[in-house]
Amino acid sequence: MYVAVKGGEQAIANAHRWLADRRRGDRDRPELEVAQIGDQLRLAVDRVMSEASLYDPELAALAFKQASGDLTEAVFLLRAYRTTLPRLAVSEPLDTASMRIERRISATYKDIPGGQILGPTYDYTHRLLDFLQLAGAEVPAAEIREEVTEAEACPQILELLNDEGLVEQEIDDGSEPADITRDPPDYPMDRAARLQMLARGDEGYLLALGYSTQRGYGRNHPFAGEIRLGQVEVEIHVDEWDETICVGEIALSECQMINQFGGSREAAPQFTRGYGLAFGHNERKTMAMALVDRALRAEELGEPIIGPAQQAEFVLAHADSVDASGFVSHLKLPHYVDFQSELDLLRRLRREHAARQAELDGTRDTASPQQEER
Amino acid sequence: MNDTSRGARQRLLALSTRERIEACWTALDAVPAHRCVRGPETGMAMLKGRTGGTGNAFHLGEMTLTRASVALDDGTLGHGWVRGRDHRHAELIALADAVAQHAEWQQKLETHVLAPLAEELAERQRRDAATAAATRVDFFTLVRGE
């Protein structure tokens, strides 16, 4: 039986009006500007861009505001907007070695060319609530080392310090990567496609999976070889000039994880690697991504698959928050007919069960009265 | 005009803000009339990363990108591209590309637009580097024992 579900237009309109009213909040206070969000809540903006898989700080800030600060909803909004735009170009691979460094650290080598640069970090803060911010205290400007006239070159540490061949090298074989936005994911998936899915994956989910490898569910002994955050120029090839041109720059975070040895009869033991790359300042995300990337190489490196983080199809098919929240949220849609049929089925099963019981009781004791069917 | 300076100009204007380009343009007199022949239109560029920074390419995600092509009254074409959704920004880059193809404009463009913007970009990047440098760790070694 089909039951048309209609009505509720006025209720929906009023619900959305109430939502907008709540979002606006106390009218005696100034309304939050999108530009303020982009400026002062930039880590939220970066996370939205990263998981929406669309770099546009202003639109990510708008999505964050529109979603009242619900990051998953904001990711959904920006991802949906993405589908309205045509693709005009595909960039040259981003050259993270030439990044204008804001932060760059290594936990494996102390003295590195270009140095250890802490950048704007929450590390080493005491995680005590700062009540001065509640009181609206003035904030001093960042310290500047005026004598510095240009950035010192910061080469990729894993490339630089590898004369002995102790660390696995990443070499471009020129292969054209899959694009999961054009071709549906197919398992087993190669590393390029896996990295694309991880790059848009939910940070909390990747963090939990990365953590699980550290706790023993697919241990791979990681070290943070290098983490860098900064600005990278984007280059595209244009037919009009038959030339590669710069169209602007974007903020990126990158994590190069060094992990315990792989080796075989042919190849000498060497450190293996996991890689994380994300839009904006997303350090935790890139670390988690690098751990999971490495875990997903278990099969390639001949390791036993004993943890959830090593199971590619499980990890990748559930990493996208838009997919996940969409399917969970659909449970709120009217299921009146579905549920009605379940009710009918359940009632029939119970009737049959009662009848069988009665039959059994009857054979045991013919004197007992039949229970009335409901 | 050779290709290198064309690419360098496109880069400089893409890394400058629209407000600053516009301010420099107004300092010029008699900017040639032009019309848009394509766009400005906003779409996306798919960005590629490299596994481990040096290995095989993979698709990282997309960014918004705007492009414009303009024609001067004499038919000279100019093209511009810029990250984001600012139509006017892309149009100004295309306009600069078009007028730069005229010898009498090259010098004016260089003096009033490109040179000041290049200086500002260099200073902005120097300040960024100097700010980062202030957070650079100077290690010293503790002497144990004695």
Side-chain angles (χ1 to χ4, degrees), chain A residues 53-56 82 85-94 96-97 100-102 110-111 115-119 142-146 148-151 156 158-159 170-173 175 177 179 191-192 195-196 199-200 234 236 238 240-241 243 245-250 254 256 273 275 277 279, chain B residues 3-4 6-12 14-15 38-39 41-67 69 77 79-86 89-90 93 97 122 125-139:
Chain A
S53 202
L54 182 67
Y55 193 100
D56 190 309
R82 178 201 158 273
L85 296 177
R87 183 179 291 181
L88 303 180
V90 177
S91 83
E92 297 297 304
L94 296 160
T96 53
R100 290 202 298 117
I101 296 288
E102 288 163 16
K110 181 163 66 71
D111 296 308
Q116 307 251 3
I117 296 165
L118 301 182
E143 181 68 28
I144 293 180
R145 198 169 280 180
E146 285 294 354
V148 172
T149 53
E150 62 178 4
Q156 290 271 10
L158 268 55
E159 298 307 310
E170 296 290 1
I171 296 159
D172 180 18
D173 68 11
S175 59
D179 183 353
R191 195 170 173 201
L195 286 170
Q196 185 180 9
R200 55 162 57 191
V234 176
I236 62 170
V238 295
E240 288 81 353
W241 300 345
E243 195 182 333
I245 57 157
C246 168
V247 296
E249 60 183 3
I250 62 169
E254 182 185 54
Q256 303 268 12
R273 295 166 61 167
Y275 187 63
L277 185 67
F279 291 151
Chain B
D3 283 353
T4 323
R6 193 172 204 179
R9 186 180 55 240
Q10 152 69 38
R11 171 180 176 275
L12 172 62
L15 292 175
R38 182 183 65 176
E41 59 178 331
T42 295
M44 297 182 294
M46 172 54 96
L47 305 180
K48 285 181 183 172
R50 282 196 184 286
T51 310
T54 53
N56 286 344
F58 68 93
H59 292 114
L60 174 65
E62 281 150 318
M63 72 167 196
T64 48
L65 176 73
T66 300
R67 69 179 175 194
S69 297
L77 285 176
H79 308 290
W81 293 261
V82 69
R83 176 181 83 68
R85 292 168 293 113
D86 191 332
H89 196 167
I93 296 174
D97 180 47
Q125 297 195 341
R126 187 201 68 79
R127 281 186 70 83
D128 289 349
T131 309
T135 69
R136 181 170 168 162
V137 180
D138 295 317
F139 285 105

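Every chain is numbered from 1, with letters handed out A, B, ... down the list of sequences. Scope of the values below: all heavy atoms of this structure, side chains included, with no hydrogens, waters or symmetry mates.
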TODO: Specify which of A:D179, A:T96, A:I236 makes the most heavy-atom pairs with chain B at under 4.5 Å.
DONE: A:D179

Task: Partner residues of A:R191 under the salt bridge (charged side-chain N to carboxylate O under 4.0 Å, His left out) criterion, sequence neighbours left out - done: A:E170, A:D293

Open item on the list: Checking the side chain of B:T135 only, and the main-chain atoms of A:I117 only, is there a donor and an acceptor separated by less than 3.5 Å?
Closed with: no

Task: For A:Q196 against B:H59, the heavy-atom pair lying closest together - done: CG-O, 2.9 Å

- [ ] Determine, stepwise, if the pair B:E62 / A:R82 fulfils salt bridge (Lys or Arg N to Asp or Glu O under 4.0 Å).
- [x] CA-CA 8 Å; B:E62 281 150 318; A:R82 178 201 158 273; 2.5 Å; yes

Open item on the list: Is it the case that the side chain of A:D173 and the backbone of B:N56 share a donor-acceptor pair, with hydrogens and angles ignored and the cut-off at 3.5 Å?
Closed with: no

TODO: Measure A:E92 against the heavy atoms of chain B and call it side chain, backbone, both or neither at under 4.5 Å.
DONE: backbone

Open item on the list: Closer than 4.0 angstrom, basic N to acidic O: yes or no for A:E240 and B:R67?
Closed with: no

Open item on the list: Is there a side-chain contact between B:H79 and A:V238 in this structure, where contact means two heavy atoms from C-beta onward sitting under 4.5 Å apart?
Closed with: no

Open item on the list: Under a 4.5 Å cutoff for heavy-atom pairs, which residue among B:A14, B:S69, B:A130 has the most contacts with chain A?
Closed with: B:A130

Open item on the list: Report which part of A:Y55 has an atom under 4.5 Å of a heavy atom belonging to chain B: side chain, backbone, both, or neither.
Closed with: both

Task: A:R87 portion near chain B, given a 4.5 angstrom heavy-atom threshold - done: both

Open item on the list: Please find the pair of heavy atoms, one from B:Q10 and one from A:C246, that lie closest to each other, and give the distance.
Closed with: NE2-O, 2.9 Å

TODO: Taking all non-hydrogen atoms of both residues into account, name the closest pair between A:P93 and B:A57 and its distance.
DONE: CG-CB, 4.3 Å

TODO: Count the heavy-atom pairs under 4.5 Å between each of B:D138, B:T42, B:L15, B:L12 and chain A, then report the option with the highest count.
DONE: B:L15

Open item on the list: Give me the atom names and distance for the closest heavy-atom approach of B:G61 to A:S53.
Closed with: CA-OG, 3.3 Å

Open item on the list: Could you report the tightest heavy-atom contact between A:P177 and B:K48, atom names first, then the distance?
Closed with: CG-CE, 4.4 Å

Open item on the list: Restricting to non-hydrogen atoms, name the atom on A:I101 and the atom on B:A132 that form the minimum distance, rounded to 0.1 Å.
Closed with: O-CB, 3.6 Å

TODO: Using a cut-off of under 4.5 Å on heavy-atom pairs, state which of A:L195, A:L277, A:V148, A:V247 scores highest against chain B.
DONE: A:V247

Open item on the list: Does any part of the side chain of B:L65, heavy atoms only, come nearer than 4.5 Å to the side chain of A:V234, both counted from C-beta?
Closed with: no

Task: Residue pair A:D56 / B:R83, side-chain heavy-atom distance below 4.5 Å - done: no

TODO: Find the distance between CE (B:M63) and CD (A:E249) and round it off to the nearest 0.5 Å.
DONE: 11.0 Å

Task: Pairwise side-chain contact, A:E102 with B:D128, heavy-atom cut-off 4.5 Å (strictly under) - done: no

Open item on the list: Are A:I144 and B:T131 packed together at the side-chain level, in the sense that at least one heavy-atom pair is separated by less than 4.5 angstrom?
Closed with: yes

TODO: Using a 4.5 Å cut-off on heavy atoms from C-beta on, say whether the side chain of B:L47 contacts that of A:F279.
DONE: yes

Task: Which of A:I250, A:V90, A:L88 touches chain B most, by non-hydrogen pairs under 4.5 Å - done: A:L88

Task: Close side-chain approach of A:E146 and B:R126, heavy atoms under 4.5 Å - done: yes

